[in-house]
Protein chains: 4
Amino acid sequence: MSHTIREKTKLINRTRRIRGQIEAVERMLEDEKSCAELLQVIAGVRGAINGLMSEIIEDHILLHVADADLAQNDRNEGAAELIDVMRAYLK
Amino acid sequence: MSHTIREKTKLINRTRRIRGQIEAVERMLEDEKSCAELLQVIAGVRGAINGLMSEIIEDHILLHVADADLAQNDRNEGAAELIDVMRAYLK
Amino acid sequence: MSHTIREKTKLINRTRRIRGQIEAVERMLEDEKSCAELLQVIAGVRGAINGLMSEIIEDHILLHVADADLAQNDRNEGAAELIDVMRAYLK
Amino acid sequence: MSHTIREKTKLINRTRRIRGQIEAVERMLEDEKSCAELLQVIAGVRGAINGLMSEIIEDHILLHVADADLAQNDRNEGAAELIDVMRAYLK
């Protein structure tokens with residue numbers, strides 16, 4: 001993934017925040033918090049994962065499918081990978 | 001959408017099947033079928049809508065983002081539309 | 001589904017609106033509207049299906065799992081059906 | 001959440017596995033793995049989060065909505081919490 005340093009740092013920070021949320025779920029389970037509280041935090045994790053996925057898909061579209069400098073066979077491969085991801089997701 | 005006639009017919013047939021499923025839900029509601037039966041049929045409708053969406057997104061990627069003959073500004077526009085759809089979907 | 005007449009009418013009207021949206025998708029495909037326009041309408045159908053599903057699940061919880069007058073074996077059956085729906089949905 | 005020790009341990013182990021998957025995503029980002037590889041792992045995380053959510057909702061239904069020994073006002077509260085979660089999820 002030929003991301004710029006800046007984009008890479010942003011994605012890593014996003015991923016670390018998700019790790020922090022998961023660790024919070026772990027502590028809540030240990031502290032026997034209520035199902036309702038747990039589900040609220042887990043719904044937040046799910047939203048954060050969707051956000052990360054969305055960002056990486058966007059990068060993939062821009063860098064590996066739409067970029068003006070791509071060779072057509074690389075573009076075709078990028079499109080095929082994107083279609084696989086979409087299908088898996090919308091199944 | 002510059003689909004071939006064949007692709008167009010396939011998408012219309014898919015959409016008609018979904019309409020048939022929705023009409024079945026309507027009849028089930030009128031006949032006061034159980035929630036459990038209704039939810040099973042509605043889950044099927046949801047899967048069929050996802051399938052239709054997946055097919056149209058695939059067409060969009062191939063025709064409006066990855067096609068070798070696209071002008072770069074059309075390709076960029078196709079990519080931007082695709083990113084909008086993804087974001088709405090993964091929100 | 002022992003819904004009241006009022007609740008039943010509301011659900012049927014919701015279902016009819018979804019049918020109308022699906023018929024719009026069919027016409028858009030026949031008129032060869034753009035992928036981007038189609039995907040916007042289909043995302044709307046998906047949201048409407050989710051809303052219908054949500055309403056029926058809510059009815060199911062209130063009538064077949066939580067209702068004070070249920071016999072415990074009916075309550076257990078209602079809970080088991082609900083768990084099946086959730087699992088299918090979150091798969 | 002009045003889970004048994006066994007159920008609690010199971011949920012904590014599930015959560016730890018999700019943390020491990022997120023740490024793998026972090027390393028993949030640092031090693032500049034391809035978008036396609038990243039998206040595959042992230043789709044796995046998403047599935048695991050859905051599985052955890054599904055398990056906790058199941059516990060909630062059994063312990064806080066359907067349990068034979070619940071006082072009706074606790075049952076009603078459990079049902080209301082469940083409906084909130086469902087609505088947030090199906091939005």
Side-chain angles (χ1 to χ4, degrees), chain A residues 1-3 7-40 42-50 52-61 63-65 77-78 80-82 84-86 88-89 91, chain D residues 1-3 7-40 42-50 52-61 63-65 77-78 80-82 84-86 88-89 91:
Chain A
M1 192 166 55
S2 323
H3 290 130
E7 179 62 14
K8 183 178 157 177
T9 307
K10 205 172 106 190
L11 290 172
I12 290 175
N13 287 342
R14 240 181 206 273
T15 307
R16 281 194 190 134
R17 277 198 298 279
I18 296 174
R19 176 153 55 90
Q21 287 174 296
I22 286 287
E23 285 163 356
V25 171
E26 217 174 304
R27 280 192 304 275
M28 289 174 79
L29 283 165
E30 269 154 9
D31 297 350
E32 309 199 359
K33 296 287 182 190
S34 76
C35 291
E37 283 171 287
L38 272 166
L39 289 170
Q40 211 169 353
I42 295 172
V45 180
R46 209 175 160 269
I49 294 277
N50 280 347
L52 177 65
M53 206 164 176
S54 176
E55 189 117 3
I56 295 174
I57 291 174
E58 184 176 333
D59 287 347
H60 182 81
I61 294 169
L63 297 170
H64 303 301
V65 192
E77 200 190 311
E81 286 169 346
L82 181 60
D84 281 351
V85 166
M86 299 286 292
Y89 195 88
K91 206 166 48 190
Chain D
M1 191 166 55
S2 322
H3 291 130
E7 178 64 13
K8 182 179 158 178
T9 307
K10 204 173 106 191
L11 289 172
I12 289 175
N13 287 342
R14 241 180 205 272
T15 307
R16 281 194 191 135
R17 276 199 299 277
I18 295 173
R19 176 154 55 88
Q21 288 173 295
I22 287 286
E23 286 164 356
V25 172
E26 217 174 304
R27 280 192 305 275
M28 289 174 78
L29 283 165
E30 269 155 9
D31 297 349
E32 309 199 359
K33 296 286 183 192
S34 76
C35 291
E37 283 171 287
L38 272 166
L39 289 170
Q40 211 169 354
I42 295 172
V45 179
R46 207 172 161 273
I49 293 278
N50 281 348
L52 177 67
M53 207 162 176
S54 176
E55 190 117 1
I56 294 175
I57 291 174
E58 184 175 335
D59 287 347
H60 182 81
I61 294 169
L63 297 170
H64 304 301
V65 192
E77 200 190 310
E81 286 170 345
L82 180 61
D84 281 350
V85 167
M86 299 285 293
Y89 195 88
K91 205 164 48 187

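Each chain gets a letter, A, B and so on, in the order its sequence line appears, and its residues count up from 1.
One distance of note links CG of D:Leu11 with CG of D:Asp59; it measures 6.0 Å at 0.5 Å rounding. Distance check: A:Ile42 CD1 to D:Ile49 CD1 gives 7.0 Å after rounding to the nearest 0.5 Å.
For A:Leu82, no part sits under 4.5 Å from any heavy atom of chain D, backbone or side chain. Contact of A:Asp31 with chain D is not made at all, since no heavy-atom distance falls under 4.5 Å. Contacts of A:Glu26 with chain D are made by both backbone and side-chain atoms, with heavy-atom separations under 4.5 Å. Proximity to chain D (any heavy atom under 4.5 Å) is shown, for A:Ala43, by both the backbone and the side chain.
Counting heavy-atom pairs closer than 4.5 Å to chain A, the top residue among D:Val85, D:Ile12, D:Thr9 is D:Ile12. Per-residue counts of heavy-atom pairs under 4.5 Å with chain D were compared for A:Met53, A:Arg19, A:Arg14; the largest is that of A:Arg19. Comparing A:Val45, A:Asn50, A:Ile18, A:Asp84 by heavy-atom pairs within less than 4.5 Å of chain D, the highest count is held by A:Asn50. Comparing D:Arg46, D:Gln40, D:Glu81 by how many heavy-atom pairs each has under 4.5 Å with chain A, the most go to D:Arg46. Top candidate by heavy-atom pairs under 4.5 Å with chain D, chosen from A:Ile57, A:Thr15, A:Val25, is A:Thr15.
Evaluation of the side chain to side chain donor-acceptor pair (under 3.5 Å) rule for D:Glu37 yields D:Ser34 as partners, not counting sequence neighbours. The salt bridge (charged side-chain N to carboxylate O under 4.0 Å, His left out) check on D:Glu30 picks up A:Arg16, with sequence neighbours excluded.
Between the side chain of A:His60 and the backbone N or O of D:Ala36 there is no donor-acceptor pair closer than 3.5 Å.
More than 12 non-hydrogen atoms from other residues, nucleotides or ligands lie less than 6.0 angstrom from CD of D:Glu58. Under a cut-off of 6.0 angstrom, the local environment of CD in A:Glu55 is crowded, with over 12 non-hydrogen atoms contributed by other residues, nucleotides or ligands.
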